[in-house]
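Throughout, a chain's letter reflects where its sequence line sits, starting with A, and its residues are numbered from 1. Computed from heavy atoms alone, side chains included, the values below leave out hydrogens, waters and symmetry copies.
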Number of protein chains: 2
Amino acid sequence: MAEPLSIAFVLFPHVTQLDLTGPVQVFSSVPGATLHLAWKTIAPVPTDSVLTLLPTTTFADCPQSDIICIPGGFGVDAILNDDEVIGFIRRQAAGASYITSVCTGSLALGAAGLLDGYRAATHWSARECLALFGATVSTERVCIDRNRITGGGVTAGIDFALTVVSQLLDRPTAEAIQLRLEYNPAPPFSAGSPDTAPPEVLSRMLERIAPFRTRRVEAAERAASRLARTAG
Amino acid sequence: MAEPLSIAFVLFPHVTQLDLTGPVQVFSSVPGATLHLAWKTIAPVPTDSVLTLLPTTTFADCPQSDIICIPGGFGVDAILNDDEVIGFIRRQAAGASYITSVCTGSLALGAAGLLDGYRAATHWSARECLALFGATVSTERVCIDRNRITGGGVTAGIDFALTVVSQLLDRPTAEAIQLRLEYNPAPPFSAGSPDTAPPEVLSRMLERIAPFRTRRVEAAERAASRLARTAG
């Protein structure tokens, strides 16, 4: 890219903050990059944790950016059927070079009709929802299909953002950021995916998240039928 | 621990936000955990990036916590010689079970006199500063020496926090969090440490950070002589 990079994130209530803060840390390290955290108003937004974040702009004021990026989290359920949010994502997507997401943020891209016929990644627990929007579910940590770049669950956002930087700028820029962030991961355990977690850890987790998962499927089904009606 | 876990972070201006937000995401996933983000006032705090974070409490109001955790970043230079901050760290440390840091946050533990005779980790670019406070520099990603647990640079905070959870609670709790956060990292490049980064990426980075490094050494030297005077 000739111009300095600009990235617009949707900062919605009850976002999984690391879905956002990981990529924000990486993209902020790109020389000259401009980041926007957009929401309906600029009032403080609660996240899934003790963190409260401040939007930098509203949907109405957010400049057209090179990259639109949607993080995930419990709050995604609410935005899937929110016309104001989906409308903003569509408007930005129409002018963006790259349409991206981390974790369950891909469901919002799906609800906006932006993943129909594309391969895309999401959090391991949300894969069944992605197919509702005509996407082919990828289990890759970072999935690139034409100008859609989607990351897997939460921490995949760091791998995702480094990949985006290397694609849009160059590899040495991405490597310099990786060095600065000392991103040389050494997880103390190997429980980071359903394929590698101890079976009892996985089954307890599946039990615990079952109600949230049911709610998410309902929200995604509703969004998918709205989308079908719009398209029809 | 019998009681639900409580963790106090120092949230200072120009913190490297991922030093904080990584561990916050992990610790927030511990059932029943209480997290405090403490600063002098509860006014919004700017970070190193576009993110602005809200403290949840002031130093005066922050309850005694089980864990005190200091993140790092450019803003550390200022807190090393700030009596109000160092005083808060000392007071919390006196009653805490674990005294911890991520990245250059360990320099603040050092300035508070809490690392004298301990092994500790820090960001790779700050190792020369740590020794000024009587610490033995560790190049581990997570360094445990008695009740001091210190992480390396930025992203090491995730490995650090999972390690702390497994130490203070149990391994299945840490594994469940790792699964939820899909922490199954796959860095696209291997530039995450000075030992593995391409030499030209490392040398350009060293050149770029030289002025910041000089400033940090000056701040650390000043803090170390203040500490020596207090102790003497």
Side-chain angles (χ1 to χ4, degrees), chain A residues 16-18 21-22 24-25 27-29 34-37 44 48-54 56 103 123-124 141-142 152-156 158-159 162-163 166 171-172 174-176 178-194 196-198 200-202 204-205 208-209, chain B residues 16-18 21-22 24-25 27-29 34-37 44 48-54 56 103 123-124 141-142 152-156 158-159 162-163 166 171-172 174-176 178-194 196-198 200-202 204-205 208-209:
Chain A
T16 295
Q17 54 89 0
L18 191 53
T21 54
V24 162
Q25 191 71 56
F27 290 135
S28 297
S29 307
T34 307
L35 279 68
H36 303 288
L37 308 177
D48 68 326
S49 72
V50 72
L51 282 187
T52 301
L53 302 177
L54 298 189
T56 60
C103 198
H123 190 274
W124 60 263
R141 196 153 168 88
V142 181
V154 198
T155 54
I158 299 171
D159 299 319
L162 289 171
T163 303
S166 72
R171 178 169 169 161
E175 288 178 321
Q178 186 182 0
L179 175 60
R180 204 201 133 212
L181 304 185
E182 211 168 323
Y183 186 47
N184 187 24
F189 313 111
S190 57
S193 109
T196 59
E200 62 283 7
V201 168
L202 177 60
R204 251 202 313 275
M205 174 67 62
R208 227 180 76 202
I209 65 173
Chain B
T16 294
Q17 55 88 0
L18 191 53
T21 54
V24 162
Q25 191 71 55
F27 291 134
S28 298
S29 306
T34 308
L35 278 69
H36 304 287
L37 308 176
D48 68 327
S49 71
V50 72
L51 282 187
T52 300
L53 303 178
L54 298 190
T56 61
C103 198
H123 190 274
W124 61 263
R141 195 151 169 89
V142 181
V154 199
T155 54
I158 299 171
D159 299 319
L162 289 171
T163 303
S166 71
R171 178 169 168 160
E175 287 177 322
Q178 186 183 359
L179 176 59
R180 204 201 132 211
L181 303 185
E182 211 167 326
Y183 186 47
N184 187 24
F189 312 111
S190 56
S193 109
T196 59
E200 62 283 7
V201 168
L202 177 60
R204 251 203 313 275
M205 174 67 63
R208 228 180 76 202
I209 65 173

Side-chain touch [X]/[Y], heavy atoms, less than 4.5 angstrom:
X         : Y         : result
Gln25(A)  : Asp48(B)  : yes
Pro198(B) : Pro172(A) : no
Leu53(A)  : Leu53(B)  : yes
Thr196(B) : Leu179(A) : no
Ser49(A)  : Phe27(B)  : no

Name the member of Ser28(B), Ser29(B), Ala197(B) that forms the most heavy-atom pairs with chain A at distances under 4.5 Å.
->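 The candidate making the most pairs under 4.5 Å is Ser28(B).
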Do you know which of Ser190(B), Pro185(B), Ser193(B), Pro194(B) has the most heavy-atom pairs with chain A at a distance under 4.5 angstrom?
->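 Top count of heavy-atom pairs under 4.5 Å with chain A: Pro185(B).
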Heavy-atom proximity to chain B below 4.5 Å, by part of [X]:
X         : value
Ala176(A) : both
Leu202(A) : both
Arg180(A) : both
Thr155(A) : both

Short side-chain to backbone donor-acceptor contact, Glu182(A) and Ala156(B), under 3.5 Å | no
Looking at every heavy atom in both [X] and [Y], which two are closest together, and how far apart are they?
X         : Y         : answer
Thr163(A) : Pro188(B) : OG1-CG, 3.8 Å
Val24(A)  : Val50(B)  : CG1-CG1, 4.0 Å
Ala191(B) : Gln178(A) : N-OE1, 3.2 Å
Thr21(A)  : Leu51(B)  : CG2-CD1, 3.4 Å
Tyr183(B) : Ala186(A) : OH-N, 4.3 Å

Side chain from CB out, backbone as N, CA, C, O: work out which of these in Leu181(B) comes under 4.5 Å of a heavy atom of chain A, or both, or neither.
-> both
Identify which part of Thr16(B) has an atom lying under 4.5 Å from any heavy atom of chain A, answering side chain, backbone, both or neither.
->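 Both backbone and side chain.
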Which residue out of Gly22(A), Gly152(A), Gly153(A) racks up the most heavy-atom pairs below 4.5 Å with chain B?
->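 Between Gly22(A), Gly152(A), Gly153(A), the count favours Gly153(A).
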Can you tell me how far the CD1 atom of Ile158(A) sits from the CD1 atom of Ile158(B), to the nearest 0.5 Å?
->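 Rounded to the nearest 0.5 Å, the CD1-CD1 separation comes out at 4.0 Å.
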With sequence neighbours excluded, what pairs up with Arg171(A) under the salt bridge (Lys or Arg N to Asp or Glu O under 4.0 Å) test?
-> Glu175(A)
Quick one: side-chain contact (heavy atoms from CB on, under 4.5 Å) partners of Ala174(B), sequence neighbours excluded?
-> Phe189(A), Val165(B), Ser166(B)
Verdict with reasoning, Arg141(A) to Asn184(B), per side chain to side chain contact (heavy atoms under 4.5 Å, CB included) | CA-CA 8 Å; Arg141(A) 196 153 168 88; Asn184(B) 187 24; 3.8 Å; yes
